[in-house]
Amino acid sequence: MVRKLLKIVGCVLFGLTAGGCEQVNDRNQLAVYLCDSPAEYGGLDCYVDRVEVRSARSGEWIAMEVPGRYFAMMELVNGKMQEAGRVTLPEGERIDAVRIGWAPEGNRVVIAGVPFPLGVGEGEENSTVEFPEVAMEGPNRALLFDLDVAASVVDDPTVESGYRFRPQVEFVDTEACGVVQGGLQVGRSAVTSRLWLRFTDVETGWSGSTYCALDPAGAFFMRLRPGRYRFEVVPGAETGVEDYAAQVEVSRQRVTDLGTIVLEAKGL
């Protein structure tokens, strides 16, 4: 079943305009949101110190109001997102980059139920992400950025915890992509581990991946450029679950809902 893409664009724009209505000037507000690419961790908690956007005309950085510093990133999946910054800009201002400043302490990753502190390395305190110019000409605007959790936690034997936080952030062009979503279960049972999902563009060979969620169990959500993809569920050998594959068509600004996919247990 395919329906209009409201879960991404609608939620983002509603969050921006709803907050803006309470302001003296509810035009030309810009909001920055964060979401998460899932990983095989129990959680990743981090803190944002500041958010700025860059003027495409002057090159100057403009500070944004940060409504809340704490982000439980592993909860920002399946279309969920959290506002990281907001600012009202002059009419006609154009911006082309965002800079997110991460707190050097207080971040942590949960692995096998055990929390490990995540320090931020010197020179890695800021994530600067460029994007196509956005013009502020009346309507409020929202920009979405994805923190790749799996790529952002790196092994570091020089620190006590053994891990370091190296944030990897990408701009999500919600106007150009579509979404594939659905759920997984094994036979009549709920999924009990994060299963790996891979999407491969059959024309270009490009491949992207994600993991299903555990709450709700088996749910998955992937933003993709329009095209035809080979969709695969690739469980680890320890899961006792058979691989699964199908073809999926992705259209711009639409959600392709695959419903509940019933996987088979090995040996049945």
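Index from 1, following the sequence. These figures come from a predicted structure and were not determined experimentally. Values below: every heavy atom of this structure, side chains too, minus hydrogens, waters and symmetry copies.
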Nearest atoms (heavy-atom pairs only) where Gln82 meets Gly68: NE2-O, 4.5 Å
Considering all heavy atoms, the nearest Val191-Leu184 contact: CG2-O, 3.3 Å
Ring geometry between Phe220 and Phe199 (parallel below 30°, tilted from 30 to 60°, perpendicular above 60°): tilted
Ser152 side-chain N/O to Gln168 backbone N/O, donor-acceptor pair under 3.5 Å: yes
Flag side-chain contact, heavy atom, 4.5 Å: Glu130 against Asp96: no
Donor-acceptor under 3.5 Å (Ser55 side chain, Ser58 main chain): yes
Among Val48, Leu147, Asn107, side chain to side chain contact (heavy atoms under 4.5 Å, CB included) partner for Phe71: Val48
Note, Arg86 side chain near Pro67 side chain (heavy atom, < 4.5 Å): no
Glu160, CD: over 12 other non-hydrogen atoms inside 6.0 angstrom: no
Atom pair CD1 (Ile95) and CG (Leu30), whose distance is rounded to the nearest 0.5 Å: 4.0 Å
Heavy-atom pair with the smallest gap, counting every atom of Val149 and Ala39: CG1-CB, 4.0 Å
Gap separating the CG atom of Leu224 from the CZ atom of Phe231, nearest 0.5 angstrom: 10.5 Å
Nearest heavy atoms of Gly205 and Thr200, plus distance in Å: O-CG2, 3.9 Å
Minimum side-chain heavy-atom gap Met81-Leu76 below 4.5 Å: no
Stepwise side chain to side chain contact (heavy atoms under 4.5 Å, CB included) check, Asn126 with Arg50: CA-CA 9 Å; Asn126 298 312; Arg50 64 194 175 281; 2.5 Å; yes
Nearest non-hydrogen partners of Pro104 and Asp49, listed with the distance: CD-OD2, 3.8 Å
Stepwise side chain to side chain contact (heavy atoms under 4.5 Å, CB included) check, Tyr41 with Val110: CA-CA 6 Å; Tyr41 298 126; Val110 179; 5.9 Å; no
Parallel, tilted or perpendicular, as decided by the 30° and 60° cut-offs, for the rings of Phe165 and Trp102: perpendicular
Verdict with supporting geometry, Gln181 and Met222, side chain to side chain contact (heavy atoms under 4.5 Å, CB included): CA-CA 6 Å; Gln181 69 177 25; Met222 185 74 173; over 6 Å; no
Residue of the set Val87, Val129, Val98 for which side chain to side chain contact (heavy atoms under 4.5 Å, CB included) holds with Val32: Val98
Single-linkage hydrophobic cluster, 4.5 Å side-chain cutoff, Val233 and Val248 together: yes
Parallel, tilted or perpendicular, as decided by the 30° and 60° cut-offs, for the rings of Tyr70 and Tyr47: tilted
Point-to-point distance, once rounded to the nearest 0.5 Å, from CD of Glu170 to OG of Ser37: 7.5 Å
Sub-4.5 Å side-chain heavy-atom contact between Leu118 and Leu44: yes
Common cluster, Leu263/Trp196, ILVMFWY with side-chain heavy-atom separation under 4.5 Å: no
Given Thr256, Val202, Val250, the one that forms side chain to side chain contact (heavy atoms under 4.5 Å, CB included) with Tyr229: Val250
Evaluation steps, side chain to side chain contact (heavy atoms under 4.5 Å, CB included), between Leu144 and Cys35: CA-CA 7 Å; Leu144 182 61; Cys35 63; 3.9 Å; yes
Path from Val120 to Val169 over hydrophobic side-chain contacts below 4.5 Å: yes
Sub-4.5 Å side-chain heavy-atom contact between Tyr163 and Asp155: yes
Atom CD of Glu105 with >12 non-hydrogen neighbours under 6.0 angstrom: no
Euclidean distance, Thr88 OG1 relative to Arg27 CZ, rounded to 0.5 Å: 11.5 Å
Single-linkage hydrophobic cluster, 4.5 Å side-chain cutoff, Trp61 and Val66 together: no
Ionic contact status for Glu232 with Arg198, cut-off 4.0 Å: yes
pair Glu137-Glu91: side-chain heavy atoms closer than 4.5 Å: yes
CG-CG distance between Asn28 and Asn140, expressed to the nearest 0.5 angstrom: 7.5 Å
Atom CD of Glu124: over 12 foreign heavy atoms under 6.0 Å: yes
Heavy-atom check, side chain of Arg223 versus side chain of Asp173, under 4.5 Å: no
Ser161 side chain to Pro117 backbone, donor-acceptor under 3.5 Å: yes
CD on Glu125 to CD1 on Ile100, rounded to 0.5 Å: 14.0 Å
Ion pair check, Glu52 and Arg99, cut-off under 4.0 Å: yes
Any donor-acceptor N/O pair, Asp36 side chain to Val77 backbone, under 3.5 Å: no
Minimum-distance pair of heavy atoms, taken over all atoms of Tyr211 and Arg194: CD2-O, 3.7 Å
